[in-house]
2 protein chains.
Amino acid sequence: MVNAQTRSTVLRVAQEVGYVANASARTLRTRSSKVLGVVLPTLTNPVFAECLQGIASQAALRGYAISPCTTEYDHAGEDAATTRLLASGVDALVLVVSNPGDSAALARVRQAGKPYVLAYHHTHEHACVGVDNTGAVRELVLRLAAAGHSRIGMVTGQLQASDRAQQRCRGYALGMQAAGLSPLPVWEVPFAATAVQMLQHHLAEQAPPTAIVCSNDLLAIRTIRAASLAGFSVPADISVVGFDGIAMAGDLTPSLASISQPNHDIGSACVRLLCDALAGKKTLAAQESLCLPHGWRSGESCRL
Amino acid sequence: MVNAQTRSTVLRVAQEVGYVANASARTLRTRSSKVLGVVLPTLTNPVFAECLQGIASQAALRGYAISPCTTEYDHAGEDAATTRLLASGVDALVLVVSNPGDSAALARVRQAGKPYVLAYHHTHEHACVGVDNTGAVRELVLRLAAAGHSRIGMVTGQLQASDRAQQRCRGYALGMQAAGLSPLPVWEVPFAATAVQMLQHHLAEQAPPTAIVCSNDLLAIRTIRAASLAGFSVPADISVVGFDGIAMAGDLTPSLASISQPNHDIGSACVRLLCDALAGKKTLAAQESLCLPHGWRSGESCRL
DNA sequence: TTGTATGCGTTATCAA
DNA sequence: TTGATAACGCATACAA
């Protein structure tokens with residue numbers, strides 16, 4: 001309700017003097033920052049970087065800025081990141097935590113009363129967007145078994161640092177059971193570079209697996225390296241499969257076979273849920289959770 | 001200047017009611033947000049993710065939060081990111097742009113009068129923290145020549161999207177000249193997945209190079225794939241060297257040889273410069289620029 | 001359609 | 001050492 005004449009004049013002058021609205025003042029007054037907080041374990045794992053791209057582009061579409069924070073897989077880091085974001089006045093949060101069950105950070109967010117959604121998780125206690133980790137691995141193990149593999153192994157990162165890893169290991173156990181095979185002990189390795197040595201050591205066992213399922217792509221890359229160092233050829237001696245479907249997988253040699261997650265879509269779906277909730281001034285219910293379909297990215301690392 | 005008694009009471013009550021200072025109000029009043037803006041091309045290239053880690057940890061140490069933004073190597077993206085960060089009230093900026101020479105974003109920052117520093121760049125017009133791109137490649141080419149390579153090629157991403165790439169190509173030219181070799185035409189490929197096909201096509205030429213220098217590690221990974229698809233063995237037929245020294249390089253098979261940059265340190269050095277400038281209420285001069293030493297990460301991909 | 005006053009939560013200034 | 005008051009820049013409600 002302003003004269004077109006006046007409007008254009010104001011706009012022109014604003015342009016001329018390079019006026020930009022002060023976000024802090026606006027936030028203070030409106031009690032809404034138009035910023036979404038994002039809590040991720042790390043950005044050096046491309047999975048999360050890809051997801052963040054999805055978050056960023058969708059947020060931009062809906063007129064929101066984002067504020068990403070990493071926890072480095074650390075419990076205290078999760079807490080620090082959430083506290084900081086909450087204090088900075090974000091309107092809502094996307095989180096990837098170690099374990100939603102015992103997360104102090106999550107409790108804090110919940111208490112703050114802001115809408116939030118967990119990415120990559122899968123629990124009935126919170127609104128989540130992810131894939132069926134357990135089902136995906138179970139299905140893969142069955143396919144490997146059908147292809148003739150009987151000694152199928154599993155490699156995972158530190159289980160306590162990720163409920164996703166736990167679910168994937170569960171899928172391994174279920175798959176082996178369904179295939180009538182006896183599961184091998186899961187190889188749990190640290191995130192550090194020592195993982196390769198450790199895997200190499202495991203592979204030196206008599207009768208190593210002929211197929212190895214890894215709980216993420218970065219681990220799969222290290223498993224391939226360990227196999228190579230141990231004198232095995234991939235996939236001739238050992239098939240290796242990852243989980244995540246990071247973009248780089250297809251550029252590796254051998255190309256990496258992987259259960260792929262729609263990382264970009266997981267991110268954008270999270271933002272969509274949050275923005276819809278914010279638009280309706282509602283908080284997000286666990287019922288709103290989305291289980292997105294996983295895919296299969298075939299690759300030379302796996303004989304199937 | 002407050003009674004210790006009063007102080008503790010206030011602190012206790014604040015704790016009890018879960019008081020957290022409102023960042024927007026504080027920023028509005030003090031005209032200082034204690035936030036550093038970070039403008040990066042992308043986070044799906046691990047180089048920048050690693051650098052961001054360095055930025056984040058150093059910033060935390062100095063009591064600053066960070067606000068990262070990606071441009072996706074887009075000129076308009078640079079502009080949008082900078083505008084947004086400036087409006088959001090950051091105290092200073094770390095930037096990685098396509099080309100400092102013609103960057104509208106940089107002009108904007110400069111005009112805003114906030115301290116800023118360019119990461120990975122190397123120019124006398126601005127405060128920079130980076131490595132000697134040209135010298136590093138030149139030196140490598142000489143070493144390759146000394147090892148008996150005479151057909152040495154160069155692969156780069158889109159030159160206009162990165163002055164670093166331009167400087168590295170220049171290093172290639174200088175190195176070939178110094179070695180008394182005639183430089184081959186530089187292979188410039190897009191960031192897209194079609195890069196592999198393109199490289200494969202190039203490699204099908206009669207007498208392909210026996211050594212290829214790539215302007216970054218992601219390209220080197222694709223070059224190795226292209227070589228493999230074209231029927232060449234790395235490094236038996238072709239040696240491949242990257243640039244960046246991303247952490248993952250050592251986990252690949254073959255492990256990737258690379259000119260390594262101290263990505264973490266580049267990030268933390270940027271923050272150190274900015275915080276010192278902020279503490280002294282000064283702006284940053286180009287004289288403050290830092291040229292950090294590059295390294296050589298040997299790897300199986302290169303016969304040297 | 002335009003102008004004016006008030007308050008968001010904090011810090012800084014000044015008086016007590 | 002403490003308490004009261006103004007101002008940061010914006011949005012809103014209301015008056016003109």
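In the text below, chain A, chain B and the rest are named by the order of the sequence lines, each starting its count at 1. Predicted model, so just to flag it, every value in this text is computed and none were measured.
- Using a 4.0 Å heavy-atom distance criterion, B/T6 is classed as a sugar-phosphate-only contact.
- Rounding to whole angstrom units, CG of residue A/L28 and P of C/dT11 are separated by 12 Å.
- At whole-Å resolution of the value, CG in A/N3 and P in C/dG3 are 11 Å apart.
- For A/F243 and A/H294, the gap between ring centers reaches or exceeds 6.0 Å.
- Atom CG of A/N22 is separated from atom C1' of C/dT10 by 13 Å (rounded to the nearest Å).
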Query raised in the report: Checking side chain to side chain donor-acceptor pair (under 3.5 Å) for the pair A/T83/A/R108: CA distance, chi angles, key distance, verdict?
Result: CA-CA 8 Å; A/T83 306; A/R108 202 184 293 280; 3.3 Å; yes

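- By the 6.0 Å contact criterion, CD on A/E16 is enclosed, its count of non-hydrogen atoms from other residues, nucleotides or ligands being greater than 12.
- The side chain of A/R31 lies closest to C/dC8, out of D/dC8, C/dC8, D/dC10.
- Between B/D163 and B/R170 there is no salt bridge, since none of the side-chain N atoms of the basic residue sits less than 4.0 Å from a carboxylate O of the acidic one.
- At a cut-off of 3.5 angstrom, counting only N and O atoms as typed in the model, there is no donor on one side facing an acceptor on the other between the side-chain of B/R29 and the base of C/dT10.
- One atom, CZ of B/R7, and another, P of D/dT2, lie 10 Å apart when rounded to the nearest Å.
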